[in-house]
Structures are given as C-alpha cells and as structure tokens.
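Nothing here was measured: the structure is a model prediction, and the numbers come from that model.
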Amino acid sequence: MEKFDPIVFFQVFQEMLGPVLWILLALALLGLGGALFVFLKEGKINSRRLVRSELVGLAGGALALVLAARVTVSGFSDAGGPVDWLLVGLIWGLGLAGSTILAYAALGLASLRRSA
C-alpha cells in the first residue's frame with residue numbers, strides 16, 4: 001500500500017462489522033452531539049459526572065476488546081508481536097474514550113431533564 005486511502009479502511013471495517021459498523025457510528029455521533037449539547041447548555045464540565053463516566057469507560061474498553069475478538073475470530077493469545085499489543089491497547093483506548101463520552105452525554109441529558 002503506497003498511499004493512505006480512508007475508503008479502503010472503511011470498506012474493510014464494513015466487511016468485518018457489517019451492520020454493527022453503522023450502529024457504532026450512530027452511537028459515536030449521538031455521544032459527541034449529546035456531550036457537546038450538555039457542555040454548551042451547562043457551560044462547564046461537571047467533574048462528578050465525568051468521573052462516573054470514566055468508570056463506565058473502563059467497562060466500555062473491555063467490551064470493545066470483546067467485540068474485536070469476536071469480529072476477528074481470534075483471541076488475545078494470538079497477539080504475538082509488539083504491534084499486536086499496540087493494536088489491543090488502541091482498541092481498548094478507543095472503547096474507553098467512546099463509552100466515556102457516551103456516558104457523559106447520557107448522564108448530562110438525564111440531569112438536564114430532571115432539572116427542567
């Protein structure tokens with residue numbers, strides 16, 4: 001591969017994940033939009049809510065690893081080289097970050113709904 005082509009990566013992810021890709025993309029957009037809405041509405045980041053969301057993020061990282069293991073039909077014992085372990089860390093980190101943002105948005109929207 002001589003040049004970076006994002007369409008190729010998208011096609012590979014679509015082949016691997018199927019309809020789950022669209023669900024994950026929708027969740028990502030909803031989470032980002034919801035977190036942005038909560039931040040703009042409150043004008044600050046609520047530290048208590050953020051810590052709770054980070055705890056949810058730990059579980060989200062683990063679930064991302066489980067999803068990756070199911071999609072690729074391989075286990076963690078198949079990871080041999082440093083690049084494999086780097087990829088495992090990246091998958092966990094993306095799952096952690098995504099679920100933290102989604103949880104922050106959900107908790108923030110619930111809080112806004114209760115106060116209204």
Side-chain angles (χ1 to χ4, degrees):
M1 193 155 114
E2 294 181 15
K3 62 180 183 171
F4 178 76
D5 190 7
I7 301 297
V8 172
F9 284 107
F10 179 76
Q11 292 296 327
V12 169
F13 286 136
Q14 189 172 4
E15 182 68 28
M16 288 173 61
L17 294 169
V20 175
L21 174 67
W22 297 107
I23 294 169
L24 291 174
L25 287 174
L27 282 173
L29 289 175
L30 285 173
L32 285 173
L36 185 63
F37 177 78
V38 169
F39 177 71
L40 292 175
K41 193 79 168 163
E42 293 179 341
K44 63 178 182 164
I45 293 179
N46 186 321
S47 61
R48 179 177 292 232
R49 186 181 310 137
L50 182 61
V51 169
R52 289 180 180 162
S53 300
E54 288 170 346
L55 292 173
V56 172
L58 292 172
L63 287 174
L65 288 175
V66 169
L67 177 66
R70 297 278 298 178
V71 166
T72 59
V73 191
S74 64
F76 300 112
S77 61
D78 297 329
V83 173
D84 293 336
W85 289 107
L86 178 66
L87 186 60
V88 168
L90 284 172
I91 291 169
W92 184 80
L94 287 172
L96 176 128
S99 57
T100 299
I101 292 169
L102 192 61
Y104 187 86
L107 291 172
L109 291 171
S111 175
L112 288 174
R113 180 172 280 202
R114 259 185 273 123
S115 66

For the atom pair [atom1] ([X]) and [atom2] ([Y]), what is the distance rounded to the nearest 0.5 Å?
X	Y	atom1	atom2	result
Leu87	Thr72	CG	OG1	9.0 Å
Leu21	Gln11	CG	CD	10.0 Å
Ser99	Glu54	OG	CD	10.5 Å
Leu25	Leu17	CG	CG	9.0 Å
Arg70	Leu63	CZ	CG	12.5 Å

Is [Y] reachable from [X] through a run of hydrophobic residues whose side-chain heavy atoms are each under 4.5 Å from the next?
X	Y	result
Leu32	Leu36	no
Met16	Val20	yes
Leu58	Leu50	no
Leu67	Phe13	yes
Trp22	Val12	yes

- Does the distance from a Lys or Arg side-chain N to an Asp or Glu carboxylate O, for Glu42 and Arg49, drop under 4.0 Å? yes
- Verify the ring-centre separation between Phe39 and Tyr104: is it less than 6.0 angstrom? no
Check [X] against [Y] and note the closest heavy-atom contact, atom names and distance.
X	Y	answer
Gly31	Ala105	O-CB, 3.6 Å
Ile91	Leu65	CG2-CD2, 3.9 Å
Ala103	Ser53	C-OG, 3.6 Å

- Note on the structure: Those residues at least two apart in sequence (or on a different chain) that pass side chain to side chain contact (heavy atoms under 4.5 Å, CB included) with Leu102 are Leu27
- Task: Please confirm whether the backbone N or O of Leu107 pairs with a side-chain atom of Ser111, one donor and one acceptor, at under 3.5 Å?
- Result: no
- Message: Are there over 12 heavy-atom neighbours, none belonging to Phe10, within less than 6.0 Å of that residue's CZ?
- Response: yes
- Message: Quick one, Leu109 and Val38 - any side-chain contact, counting heavy atoms below 4.5 Å?
- Response: yes
